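In each ligand, atom 1 is the first atom listed, and ligand 1 is the first ligand listed. All values reported here derive from a predicted model rather than from experimental measurement. Counting begins at 1 with the first residue of the sequence.
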Amino acid sequence: MKILVLNAGSSSQKSCLYELSNNTLPEQPPKPLWEASIDWTVASGFARLKVKANEVTQKEKWESNNRRMDIAKMLDSLSDGKTRVLEELSEIDIVGHRVVHGGAEYSEATLINPEVKEAIARLSVLAPVHNPANLEGIEAIETILGSSIPQVAVFDTAFHSQMPQKAAVYPIPYEWFEKGIRRYGFHGISHKYCAGRAAQLLGKPLDSLKLITCHLGNGCSLAAIKDGISIDTTMGFTPLEGLMMGNRSGSIDPAILIHLLKEYDFNAEQLDEMLNKNSGFKGISGISADLRTILEAIAQGNERAQLAFNIYIHRLRAAIGAMVASLGGLDALIFTAGIGENSSLVREEACAGFEFLNLKLDLNKNASSPVDKDIAAPDSAVRVLVVSTAEDWAIAQECWQILTKVRESKS
Ligand code: AMP
């Protein structure tokens, strides 16, 4: 079965192709046959394509005024040139898309039809950067591969859809909950994948575990997972709530916004820009949203960079503590994404807050660039895992399951 995955960001489109057996799914992510990404941020009005396949990496840059044509060009490299892995694009059996917002309606991966497309478009008001880009990818595939190719939407909100109401409803007048203002949570594809992988690594059934997954990348969120279900998470109505992030503030006192509106003549766009683009590591340090740059600045004695790091860790520990309380215990703490997988310092500092739980890190294992490993000391009461997140693989698995069911129902 050949599965194409599209993962659209605000200014990028990543894609990969998996070839899987029709009979069983491998336990661990296989290497994709082909990987590609388009970056629309390199230079204004230009698209840069990077393709990896057949042990070859190719790069190309062109003037761009139509993102759908750029996506078509990216897909051409599947059946053309040195990165060719298919005779024809029609060999693709199914296409899976990461869709950021599925609202309250979608609690699982879903075959795309006009109604699903309409819902993704309608939910764009809640994810104005991502949902339109996701829809663009879906429509580009319809144009390139024809409307009969099955396409699947895998929602980043779906994993959190079973959160109990006490975690999902904001304590504001109830009518707003009825109008859809509630906590949705995000990064669900990653949290779900990491929880499943952690259960595999621990050799225990997922439905017997209390887990906290820490997705720490440019965007950061935690999920409290009990018996395989997300019962609490740090992101809420939008991906702005919760932890401090690269450019995003995370949670702040909402009265600050009222103050800025009233006393400083801020408007909605300025507030949006401040909280989503100019806060977090970037806003405090004044240097960068990237933790690596912050750590370099700290090494050179930059006090604002140090303060940014200290706030990040303080808030991360506080949020982990809140998730422990929601779970009423903890079997494993799991770190993933750019920071979670690569920064031994962040893992060490985060864990240092939980020695009272008898959570003990093995510092040598923590420093050893662990991938899918338990880095807790043997006598730790809580396991600590580093899991390499595999969102594209999780999307491919959902596609495999859906297409297998469709084929079974036809046979
Ligand atoms: P992601 O959004 O998952 O791609 O994560 C991106 C973030 O991971 C970057 O902004 C960096 O701050 C962080 N990151 C990646 N590699 C490292 C590293 N080796 N050490 C510290 N932070 C890293």
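The closest protein non-hydrogen atom to atom 19 (N) of ligand 1 is N342 CB, 3.4 Å. At the top of the distance list for atom 21 (C) of ligand 1, counting protein heavy atoms only, stands R292 CG, 3.7 Å. Looking at atom 11 (C) of ligand 1, its nearest protein heavy atom turns out to be D290 OD1, 3.3 Å. The single protein non-hydrogen atom nearest to atom 3 (O) of ligand 1 is G338 N, 2.9 Å, given as residue, atom name and distance. Atom 13 (C) of ligand 1 has I339 CG1, 3.5 Å as its closest protein atom, hydrogens excluded (heavy atom only). Ranking protein heavy atoms by distance to atom 2 (O) of ligand 1, first place goes to N218 N, 2.9 Å.
Residue L291 has at least one nitrogen or oxygen atom sitting less than 3.5 Å from a nitrogen or oxygen atom of ligand 1, judged on distance alone. Polar contact with ligand 1: absent for S343 (N/O pair, distance under 3.5 Å).
Classification of E55 and K52 as a salt-bridged pair fails, no side-chain N sitting under 4.0 Å from a carboxylate O. Here E118 pairs with R122 in a salt bridge; the nearest charged N to carboxylate O distance falls below 4.0 Å. A salt bridge does not link K50 to E60: none of the charged side-chain nitrogens sits closer than 4.0 Å to a carboxylate oxygen. Using a 4.0 Å cut-off between a side-chain N of Lys or Arg and a carboxylate O of Asp or Glu, R68 and E139 qualify as a salt bridge.
For H101 and T157, the side-chain atoms include no donor-acceptor pair closer than 3.5 Å.
Proximity to G217 (heavy-atom distance under 4.0 Å) selects the following atoms of ligand 1: 1 (P), 2 (O), 3 (O), 5 (O).
In summary, the aromatic rings of F186 and H160 are positioned with their centroids too far apart to meet the 6.0 Å limit. Taking the six-membered ring for Trp and the full ring otherwise, W400 and Y18 have centroids separated by 6.0 Å or more.
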